[in-house]
There are 2 protein chains.
Amino acid sequence: MRLSDAIEEFIKTMMMEQDEPEIELKRNEMAEYFRCAPSQINYVLSTRFTPDHGYVTESKRGGGGCIRIIRIQRKNGEFLKYLLEERIGDAISPRAAQILCGKLAEQGAISQRTAQLMYSAIAPESLAVPIPEMLKDKLRARMLRSMLTTVARHGPAGGEG
Amino acid sequence: MRLSDAIEEFIKTMMMEQDEPEIELKRNEMAEYFRCAPSQINYVLSTRFTPDHGYVTESKRGGGGCIRIIRIQRKNGEFLKYLLEERIGDAISPRAAQILCGKLAEQGAISQRTAQLMYSAIAPESLAVPIPEMLKDKLRARMLRSMLTTVARHGPAGGEG
DNA sequence: TACTTTTGATAGTCAAAGATGGTCAGAACA
DNA sequence: TGTTCTGACCATCTTTGACTATCAAAAGTA
């Protein structure tokens with residue numbers, strides 16, 4: 001298993017066990033525990049604990065410094081609203097779109113299958129036509145908004161419908 | 001026996017033995033095992049493990065990366081083959097796509113909701129970016145193929161997935 | 001005391017190296 | 001003559017290390 005995955009899991013497990021929406025950790029301690037460079041911890045945070053993933057982080061340097069990881073909890077439908085009104089905007093990368101679809105499923109706003117279906121529509125392979133990447137990002141945003149609007153209209157998907 | 005055939009057989013045997021609809025493998029390990037160029041593995045995947053053959057593949061690059069091969073259930077595989085080969089082609093108009101989605105729902109292949117979702121992704125409003133209509137028809141076809149492949153992979157619609 | 005400097009303990013950034021897999025043109029083969 | 005196979009080059013993800021920034025407490029100073 002990848003180191004990054006192990007660290008990610010460790011942190012999430014820690015949050016689960018403490019049943020707290022936030023935890024504090026010492027970067028150097030973590031690095032020592034996993035026998036890796038301290039900056040590895042930053043890498044994990046910046047690739048797996050972003051706002052798109054549903055987390056925000058804070059930190060304090062200097063003596064007694066630490067990193068705080070906070071899980072954002074949104075009520076049913078709020079996340080969807082946030083995506084449509086703020087997050088997606090008029091362009092979005094494939095990677096971000098994938099993360100957001102995954103997050104929607106995790107939150108139960110859509111089923112895992114619907115998430116896969118949505119992502120398969122906007123994945124790079126689907127958009128493999130000769131147009132600038134910039135346009136693809138715009139297309140993706142439009143499609144995603146359109147699909148999410150449909151989801152919002154027709155209820156939280158996944159069901160038999 | 002041709003190398004490609006040997007690799008194909010090896011992979012299929014591996015899936016049989018594990019009795020799993022999906023397996024993961026390392027491209028470089030495989031290449032080493034068969035003493036061939038790593039790209040040979042891609043060749044085998046792209047000629048023998050396509051959706052038309054009843055398989056889909058995913059992969060992840062970078063450290064700890066791997067290739068995942070997923071077998072689509074037989075029933076779905078045949079249904080899919082029909083759709084991909086007979087109905088969609090490499091370009092499709094918005095109207096034809098809409099009708100297709102509707103028929104799929106009628107036949108119970110996908111839920112009404114899924115049909116709406118799929119159509120909202122490929123509707124003209126979603127593709128409202130400045131590119132030739134011809135490209136849009138190709139895009140639509142790609143997206144539809146991709147979404148149907150995903151549906152097939154996860155079983156015939158409706159369920160919770 | 002009150003203010004400044006120093007020091008040690010943290011964390012952040014960024015670029016380079018390492019580890020995978022992907023693509024494509026052309027050679028080799030059957 | 002189409003299929004198979006290879007190799008050079010590319011893209012992506014992970015890991016590390018050198019250098020930088022910040023902070024709190026201790027030490028120095030007027």
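All of these numbers come straight from a predicted model, not from anything done at the bench. Protein chains get the first letters and strands the later ones, always in sequence-line order, with residue 1 at the start of each.
- In terms of modelled atom types and a separation under 3.5 Å, the side chain of A/Arg140 and the main chain of A/Ile92 share a donor-acceptor contact.
- If you take CD1 of A/Ile67 and C1' of C/dA9, they are 14 Å apart, rounded to a whole angstrom.
- Backbone-only contact: B/Arg48 has heavy atoms under 4.0 Å from sugar-phosphate atoms and none from a base.
- For B/Ser4, taking side-chain heavy atoms from C-beta onward, the closest of the listed nucleotides D/dT4, C/dT20, D/dT16 is D/dT4.
- Between B/Leu3 atom CG and D/dT6 atom P there is a gap of 6 Å when expressed in whole angstrom units.
- Among the atoms of the strands shown, base atoms are found under 4.0 Å from some heavy atom of B/Arg27.
- Ion pairing between a basic and an acidic side chain is recognised when a charged N comes within 4.0 Å of a carboxylate O; B/Arg145 and B/Asp90 show no such pairing.
- Nucleic acid contact for B/Gly63: base, since at least one base atom lies under 4.0 Å from a heavy atom of the residue.
- Here C/dT20 presents its P atom at 16 Å from CE of B/Met30, a figure rounded to the nearest Å.
- Considering only side-chain N and O atoms, B/Tyr43 lies under 4.0 angstrom from the phosphate OP1 or OP2 of D/dT4.
- When distances are taken from the side chain of B/Gln40 to each of C/dT10, D/dT15, D/dT6, the shortest belongs to D/dT6.
- Mapping B/Lys26 and A/Gly62 onto DNA chain C via the closest heavy atom, the residue that lands nearer the 5' end is A/Gly62.
- In this structure, A/Gly65 reaches the sugar-phosphate backbone alone: every heavy-atom distance under 4.0 Å involves primed, P, OP1 or OP2 atoms, never a base.
- Following rounding to the nearest Å, A/Phe34 (CZ) and D/dT16 (C1') show an atom-to-atom distance of 17 Å.
- Under a 4.0 Å N-O distance rule, the pair B/Lys136/B/Glu133 qualifies as a salt bridge.
- Between the CD atom of B/Glu24 and the C1' atom of C/dG21 there is a distance of 13 Å, rounded to whole Å.
- Going from atom CD of A/Glu125 over to atom C1' of D/dA11 covers 14 Å, rounded to whole Å.
- B/Ile41 comes within 4.0 angstrom of no nucleic acid atom, judged by non-hydrogen atoms across all strands.
- If you check every strand for non-hydrogen atoms under 4.0 Å, A/Asn28 touches sugar and phosphate atoms only.
- Nearest to the side-chain atoms of B/Arg2 among the listed nucleotides D/dT16, D/dT6, D/dT3 stands D/dT3.
- Phosphate contact (OP1/OP2 of D/dA21, side-chain N/O of A/Arg61, threshold under 4.0 Å): absent.
- Taking atom CE on A/Met1 and atom P on D/dT14, their separation rounds to 12 Å, with Å as the unit.
- Side chain of A/Arg27 to main chain of A/Ile67: no donor-acceptor pair is present (N/O by atom type, distance under 3.5 Å, no hydrogens or angles).
- Of the charged side-chain nitrogens involved, none lies within less than 4.0 Å of a carboxylate oxygen, so that B/Glu9 and B/Lys12 do not count as a salt-bridged pair.
- Contact annotation: A/Ser59 side-chain N/O to C/dG12 OP1/OP2 distance is under 4.0 Å.
- Nearest-nucleotide positions on DNA chain D for A/Val44 and B/Val44 put B/Val44 closer to the 5' end.
- In this pair, B/Tyr33 and B/Phe10 present their aromatic rings tilted. The plane angle is within the 30 to 60° band.
- Look at CD on A/Glu58: it is 14 Å from P on D/dC23, rounded to the nearest Å.
- For B/Ser39 against C/dG22, no side-chain N or O and base N or O form a donor-acceptor pair under 3.5 Å.
- In this structure, A/Lys60 reaches the D/dA24 phosphate: one of its side-chain N or O atoms is under 4.0 Å from OP1 or OP2.
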